[in-house]
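Every chain is numbered from 1, with letters handed out A, B, ... down the list of sequences.
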There are 2 protein chains.
Amino acid sequence: MIGWVRLESGAVTTRSSTDAARVIPEATVARLPVYLRALTALADNGIRTCSSEDLATAAGVNSAKLRKDLSYLGSYGTRGVGYDVDYLRYQIAREIGVTQDWPVVIVGIGNLGHALANYSGFRSRGFRVVALLDADPALVGRTVADIAVRPFDDLDEIVREHDVAIGVIATPAHAAQDVADRMVGIGITSILNFAPAVVAVPEGVDVRKVDLSIELQILAYHEQRKANGGAEAAAAAADGVDAAGGGAA
Amino acid sequence: MIGWVRLESGAVTTRSSTDAARVIPEATVARLPVYLRALTALADNGIRTCSSEDLATAAGVNSAKLRKDLSYLGSYGTRGVGYDVDYLRYQIAREIGVTQDWPVVIVGIGNLGHALANYSGFRSRGFRVVALLDADPALVGRTVADIAVRPFDDLDEIVREHDVAIGVIATPAHAAQDVADRMVGIGITSILNFAPAVVAVPEGVDVRKVDLSIELQILAYHEQRKANGGAEAAAAAADGVDAAGGGAA
DNA sequence: CGCATTTTGTTCTCACGTTCACAAACTCCT
DNA sequence: AGGAGTTTGTGAACGTGAGAACAAAATGCG
Ligand SMILES: NC(=O)c1ccc[n+]([C@@H]2O[C@H](COP(=O)([O-])OP(=O)(O)OC[C@H]3O[C@@H](n4cnc5c(N)ncnc54)[C@H](O)[C@@H]3O)[C@@H](O)[C@H]2O)c1
Ligand SMILES: NC(=O)c1ccc[n+]([C@@H]2O[C@H](COP(=O)([O-])OP(=O)(O)OC[C@H]3O[C@@H](n4cnc5c(N)ncnc54)[C@H](O)[C@@H]3O)[C@@H](O)[C@H]2O)c1
């Protein structure tokens with residue numbers, strides 16, 4: 001359907017048709033979890049089938065975009081009928097990789113680290129917090145959310161023992177790069193960074209950042225334009241501000 | 001430089017040249033706070049002048065992108081020299097609107113609400129938490145970060161008194177839409193939503209969402225592709241995964 | 001069965017965002 | 001003053017994403 005993968009240099013590989021050209025656009029990847037959440041909500045309400053229009057409404061997107069996104073995964077709907085909620089849910093979960101369990105370590109058990117440790121949405125979505133780490137000796141030994149806080153230097157041991165691939169940084173900004181370097185050094189290849197700092201990582205390691213201040217500043221920018229009446233406000237209104245875009249990136 | 005704003009229908013408005021065609025792309029708006037943070041870091045290190053290359057490195061972006069982004073604000077650099085750190089910092093802050101103080105209310109003082117209330121990065125970036133609200137009578141009256149928790153029904157009074165434009169939702173997902181509706185009803189026009197739920201708002205209201213689970217699931221997707229060796233991994237590696245894209249998107 | 005109706009999957013077009021590449025503008029040195 | 005060296009600001013090329021529109025496929029009804 002989408003065609004074969006072109007290779008610029010000579011080598012030509014044949015592929016089984018099952019994994020044909022699976023290059024899912026990044027923008028689509030970022031929306032799949034939203035669809036998954038919407039499907040779960042529908043299933044919880046006892047809905048077994050839905051149209052792209054229904055699901056799009058539940059996910060807060062346009063139905064054309066939804067259908068196009070789903071088409072990258074395959075043809076899991078039925079024309080004239082719609083999608084089977086449970087079936088589609090499973091397919092998306094499998095595509096994202098949340099049918100399996102992902103062990104996660106959290107580094108920096110301060111205000112935010114406490115909240116994260118207590119967050120139930122972690123576990124319910126296929127992520128398991130295997131360790132809480134902090135450099136502060138006063139915190140080590142305390143238990144948060146039934147997990148003992150351990151010294152940061154235990155990172156190596158824990159990552160090896162549980163085969164951890166995902167690390168969360170919730171330390172102050174000045175420590176973020178050091179923590180990231182240690183994580184990468186031990187083989188962690190995905191990092192979620194809550195510290196307001198740019199962390200540099202080698203090729204092959206993914207970093208996603210969550211920055212509250214940036215989100216607020218983006219809101220402030222639009223707010224300022226709304227407040228400044230006249231031409232500027234008109235221009236701001238015209239671009240259909242509805243946002244909820246981040247994601248990131 | 002950028003030309004006049006074209007209007008599709010007859011009406012032609014003249015503009016003073018000072019606010020000429022200020023249509024800053026959304027992607028640029030999302031990066032301006034990052035530049036601001038990088039400039040602050042440079043200033044803290046005593047650096048008074050920097051090139052686009054320096055600043056780009058500090059902000060974790062490509063220098064061409066940085067220069068193009070800054071060009072939407074005006075010409076604040078000097079060719080052959082670079083940018084004056086303090087001057088550029090002020091210009092960006094003014095553009096975003098963080099030279100003024102933004103009053104903010106936080107609704108839902110659970111795990112996350114506590115962390116947010118204690119977050120110092122709020123205040124230092126031009127945002128002032130004027131109230132903490134919760135529906136739970138057991139929480140009302142307690143003080144968190146020197147601010148008394150007040151009943152959710154005080155929202156109207158507080159918003160009117162402090163002229164609040166920005167609201168933060170940190171309640172469970174099932175309460176998010178109700179809280180948003182109340183906020184919008186009183187005149188809040190910017191919402192930062194931490195609950196994993198789609199909230200619908202009328203035109204003219206901005207919603208940005210921060211969703212930890214989604215970020216982790218995006219990481220899991222890429223992680224899965226890295227793990228699945230062979231063709232898929234090759235494709236994943238080829239698309240230069242370096243992410244940190246949020247935001248926005 | 002044939003036809004109207006519904007809804008998906010896909011194609012096409014346009015808008016937006018990124019990156020390259022270079023002229024313009026500035027400094028410094030001789 | 002003039003030329004070499006820097007660095008900005010921006011035009012143009014390219015790639016990605018969004019949305020409209022529609023053909024293809026399924027259902028249901030007479
Ligand atoms: N609190 C919030 O709501 C919030 C919101 C957005 C972003 N953030 C950011 O998240 C980070 C954490 O915020 P917080 O309020 O929890 O801060 P915090 O000071 O309460 O906690 C930071 C924790 O990190 C630990 N730490 C410091 N250096 C370390 C190191 N090298 N290795 C391991 N642990 C180390 C400290 O001991 C402390 O327990 C900060 O960067 C902050 O800017 C916080
Ligand atoms: N804890 C985390 O680290 C974390 C991370 C990401 C997202 N979230 C999301 O943030 C939200 C809050 O998480 P939490 O862990 O703080 O939950 P929580 O249950 O600890 O706190 C929720 C608070 O909201 C209050 N509340 C409930 N309904 C309300 C209403 N209608 N009006 C006002 N207040 C109301 C409750 O009384 C409670 O104090 C949840 O939606 C959660 O999914 C939490």
Side-chain angles (χ1 to χ4, degrees), chain A residues 1-3 6 8 20-21 23-32 34-35 49-57 59-85 87-88 91 238-249, chain B residues 1-3 6 8 20-21 23-32 34-35 49-57 59-85 87-88 91 238-249:
Chain A
M1 311 258 173
I2 309 178
R6 269 187 305 115
E8 31 286 295
V23 185
I24 301 182
E26 195 54 38
T28 297
V29 171
R31 281 187 295 266
L32 291 179
V34 180
Y35 302 154
T49 292
C50 69
S51 69
S52 63
E53 201 71 51
D54 298 337
L55 184 52
T57 304
V61 301
N62 167 310
S63 70
K65 183 153 50 177
L66 173 95
R67 288 199 300 277
K68 183 174 252 191
D69 284 341
L70 294 184
S71 77
Y72 292 115
L73 311 191
S75 283
Y76 297 132
T78 311
R79 294 172 191 222
V81 179
Y83 301 92
D84 181 282
V85 171
Y87 180 60
L88 183 58
Q91 293 299 341
D239 69 10
V241 219
D242 204 12
Chain B
M1 310 262 176
I2 309 177
R6 268 188 304 114
E8 33 284 295
V23 186
I24 300 182
E26 195 54 38
T28 297
V29 171
R31 283 188 294 266
L32 291 179
V34 180
Y35 303 154
T49 291
C50 68
S51 69
S52 63
E53 201 70 51
D54 298 337
L55 183 52
T57 303
V61 300
N62 167 311
S63 71
K65 183 153 46 175
L66 173 90
R67 286 200 301 277
K68 175 146 274 195
D69 284 341
L70 294 184
S71 77
Y72 292 114
L73 310 191
S75 284
Y76 297 134
T78 310
R79 296 173 189 218
V81 179
Y83 300 93
D84 181 281
V85 171
Y87 180 60
L88 183 57
Q91 292 299 340
D239 70 10
V241 219
D242 204 11

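Judged as a side chain to side chain contact (heavy atoms under 4.5 Å, CB included), and not counting sequence neighbours, the contacts of A:Ser63 are A:Ser52, A:Glu53, A:Ala56, A:Arg67. Among residues two or more places apart in sequence or in another chain, the side chain to side chain donor-acceptor pair (under 3.5 Å) test is passed with A:Thr57 by none.
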Task: Summary of protein contacts for nucleotides 13-18 of chain D, nucleotide by nucleotide, where a base hit scores B, a sugar-phosphate-only hit scores S (4.0 Å, heavy atoms) - done: ----SB

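The distance from atom OH of B:Tyr87 to atom P of D:dT8 is 15 Å, rounded to the nearest whole Å. For B:Asp84 and D:dT7, the CG to P distance is 16 Å, given to the nearest whole Å.
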Dump the pairs, protein N or O against N or O of nucleotides 6-8 of chain C, anything under 3.5 Å, distances to one decimal.
| from | atom 1 | to | atom 2 | distance (Å) |
| --- | --- | --- | --- | --- |
| C:dT7 | O4' | A:Gly80 | N | 3.1 |
| C:dT7 | O2 | A:Gly80 | N | 3.4 |
| C:dT8 | OP1 | A:Ser52 | N | 2.5 |
| C:dT8 | OP2 | A:Ser52 | OG | 2.6 |
| C:dT8 | O2 | A:Arg79 | NH1 | 3.4 |

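Atom OH of B:Tyr35 and atom CG of B:Leu66 lie 5.0 Å apart (nearest 0.5 Å). Taking CG from B:Leu88 and OG1 from B:Thr49, the interatomic distance works out to 11.0 Å, rounded to the nearest 0.5 Å. Remark: B:Lys68 NZ to B:Arg31 CZ distance equals 11.0 Å, nearest 0.5 Å.
Here the shortest heavy-atom pairing between A:Val34 and A:Ala59 reads CG1-O, 3.6 Å.
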Scan the side chains in residues 76-85 of chain A for donor-acceptor partners under 3.5 Å anywhere in the protein, sequence neighbours excluded, and list what turns up.
| from | atom 1 | to | atom 2 | distance (Å) |
| --- | --- | --- | --- | --- |
| A:Tyr76 | OH | A:Leu73 | O | 3.4 |
| A:Tyr76 | OH | A:Gln91 | OE1 | 3.3 |
| A:Tyr76 | OH | A:Arg94 | NH2 | 3.4 |
| A:Asp84 | OD1 | A:Asp86 | N | 3.2 |
| A:Asp84 | OD1 | A:Tyr87 | N | 2.9 |

